[in-house]
Amino acid sequence: MELTLEKIISESERIVFFGGAGVSTESGIPDFRSEDGLYRQKYDVSPEVMLSADYFRSHPEKFFAFYKDKMLPLWAKPNTAHLAVAKLEEEGKLLSVVTQNIDGLHQAAGSKRVYELHGSIHRNHCMRCGKAYSAEDILKADGVPRCSCGGIIKPDVVLYGEPLDGETVEGAIESIARADTLIVAGTSLTVYPAAGFVNVFRGKYLVLINRDRTPLDEKCDLVIHGKVGEVLGAAVR
Ligand code: APR
């Protein structure tokens with residue numbers, strides 16, 4: 001009998017969905033490494049440098065100019081991929097979402113248990129007094145966003161050179177270790193430690209839904225090279 005995504009989902013009770021930027025491209029947010037990805041766009045300083053902790057400290061004005069221009073797509077709406085994943089959780093078939101994305105679209109689609117490995121644009125805190133601010137506060141600030149106490153407001157996003165949040169990592173790994181099916185989608189699996197977490201999976205079905213090939217393709221039980229919104233939307237009625 002041919003192994004289909006529908007069959008795998010119908011048999012599974014503890015799915016973990018592991019996603020990357022490719023899950024949000026159908027919401028209009030470019031990914032990083034595709035032809036039209038953010039890292040392919042020409043800048044005098046590479047985006048990967050501008051999104052580093054060092055650059056945030058040494059060039060806050062330029063950091064926030066880039067960040068506000070490229071990392072705050074507050075207009076974006078969840079697409080069929082986000083909605084399908086939220087539905088699986090509602091049906092009691094999904095343990096959690098583990099995402100490398102910082103756009104909050106899984107929660108906007110209704111997902112409850114989401115491990116945001118690289119943080120979220122929706123959480124921002126003053127570096128001096130810790131006061132919380134919204135992504136909208138950052139977007140509308142002139143230049144470097146300042147707290148009422150005068151401190152710089154830093155997004156709770158994992159910048160290059162920063163560690164991931166310990167509790168988030170622990171929860172994500174515990175989830176993947178318990179899963180009976182791991183669906184990896186919309187990620188090139190090139191950034192560690194996130195990419196390495198999929199190796200913790202010990203369950204029955206390892207599924208990959210990605211437009212391009214990835215290093216994981218050979219190890220999967222099912223590989224679908226396609227658009228994750230379309231594929232998941234069709235498989236999750
Ligand atoms: N459907 C399926 N796959 C898609 C779609 C789509 N609609 N759109 C893009 N893809 C695939 C691309 O083929 C690519 O392999 O998604 C992948 C996106 O890869 P990246 O752009 O490298 O994004 P990601 O893997 O999430 O990057 C990881 O890098 O810069 C850091 O912190 C950043 O979290 C990010 C991390």
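Below, all heavy atoms of this structure are taken into account, side chains as well, without hydrogens, waters or symmetry copies. First listed ligand is number 1; within each ligand, the first listed atom is number 1. Residue indices begin at 1 and follow the sequence shown. For clarity, every value in this text was computed on a predicted model and none was experimentally measured.
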Within-shell test, Ser34 vs ligand 1, heavy atom, strictly < 4.0 Å: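 Right, Ser34 reaches ligand 1.
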
Non-hydrogen atom of Gly229 closer than 4.0 Å to ligand 1: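 Per 4.0 Å heavy-atom rule, Gly229 does not contact ligand 1.
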
Going by distance only, is there an N or O of [X] that falls short of 3.5 Å from an N or O of ligand 1?
{"X": "Gly20", "value": "no"}
{"X": "Val191", "value": "no"}
{"X": "Ile209", "value": "no"}
{"X": "Lys227", "value": "no"}
{"X": "His118", "value": "yes"}

Counting only heavy atoms not in [X], do more than 12 sit closer than 6.0 Å to its [atom1] atom?
{"X": "Lys68", "atom1": "NZ", "answer": "yes"}
{"X": "Glu13", "atom1": "CD", "answer": "no"}
{"X": "Asp36", "atom1": "CG", "answer": "yes"}
{"X": "Arg113", "atom1": "CZ", "answer": "no"}
{"X": "Glu218", "atom1": "CD", "answer": "yes"}
{"X": "Glu6", "atom1": "CD", "answer": "yes"}

Check: Arg211/Thr25 side-chain N/O donor and acceptor closer than 3.5 Å: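 Checked: Arg211/Thr25 side chains show no N/O donor-acceptor pair below 3.5 Å.
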
Pair Ser46, Glu48: side-chain N/O donor-acceptor within cut-off below 3.5 Å: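 The answer is no; no qualifying pair exists.
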
Where is the nearest protein heavy atom to [atom]: which residue, which atom, and how far?
{"atom": "atom 10 (N) of ligand 1", "value": "Gly22 CA, 3.6 Å"}
{"atom": "atom 9 (C) of ligand 1", "value": "Asp31 OD2, 3.3 Å"}
{"atom": "atom 31 (C) of ligand 1", "value": "Tyr160 OH, 3.2 Å"}
{"atom": "atom 2 (C) of ligand 1", "value": "Gly226 O, 3.1 Å"}
{"atom": "atom 8 (N) of ligand 1", "value": "Thr25 OG1, 2.9 Å"}
{"atom": "atom 19 (O) of ligand 1", "value": "Ser188 N, 3.3 Å"}
{"atom": "atom 23 (O) of ligand 1", "value": "Ala21 CB, 3.5 Å"}
{"atom": "atom 25 (O) of ligand 1", "value": "Thr187 OG1, 2.7 Å"}

Using a 4.0 Å cut-off to any heavy atom of [X], which atoms of ligand 1 qualify?
{"X": "Glu26", "value": "1 (N), 6 (C), 7 (N)"}
{"X": "Arg211", "value": "2 (C), 3 (N), 4 (C), 8 (N), 9 (C), 12 (C), 13 (O)"}
{"X": "Gly186", "value": "3 (N), 16 (O), 17 (C), 18 (C)"}
{"X": "Tyr39", "value": "30 (O), 31 (C)"}

Side chain Lys62, main chain Met50, donor-acceptor under 3.5 Å: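 No.
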
Selected option - heavy-atom contact closest to atom 15 (O) of ligand 1, from Leu189, Asp212, Asn210: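 Minimum heavy-atom distance to atom 15 (O) of ligand 1 goes to Asn210.
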
Could you see which bit of [X] sits under 4.0 Å from ligand 1, with heavy atoms only: side chain, backbone, both or neither?
{"X": "Tyr192", "result": "neither"}
{"X": "Gln100", "result": "both"}
{"X": "Val228", "result": "both"}

Parallel, tilted or perpendicular: rings of Tyr55 and His59 (30°, 60°):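 Parallel, since the angle between the ring planes stays under 30°.
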
Partner of His225 by side-chain hydrogen bond (donor to acceptor under 3.5 Å, both in side chains), out of Asp217, Thr214, Asp212: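 Option passing the side-chain hydrogen bond (donor to acceptor under 3.5 Å, both in side chains) with His225: Asp217.
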
side-chain hydrogen bond (donor to acceptor under 3.5 Å, both in side chains) between Glu136 and Ser134, intermediate numbers included: CA-CA 5 Å; Glu136 292 74 10; Ser134 70; 3.2 Å; yes

Least distance between heavy atoms, Glu162 atom then Lys154 atom: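 Residues Glu162 and Lys154, closest heavy atoms: OE2-NZ, 3.0 Å.
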
Sub-6.0 Å ring centroid separation between Phe66 and Tyr43: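 Ring centroids of Phe66 and Tyr43 are less than 6.0 Å from each other.
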
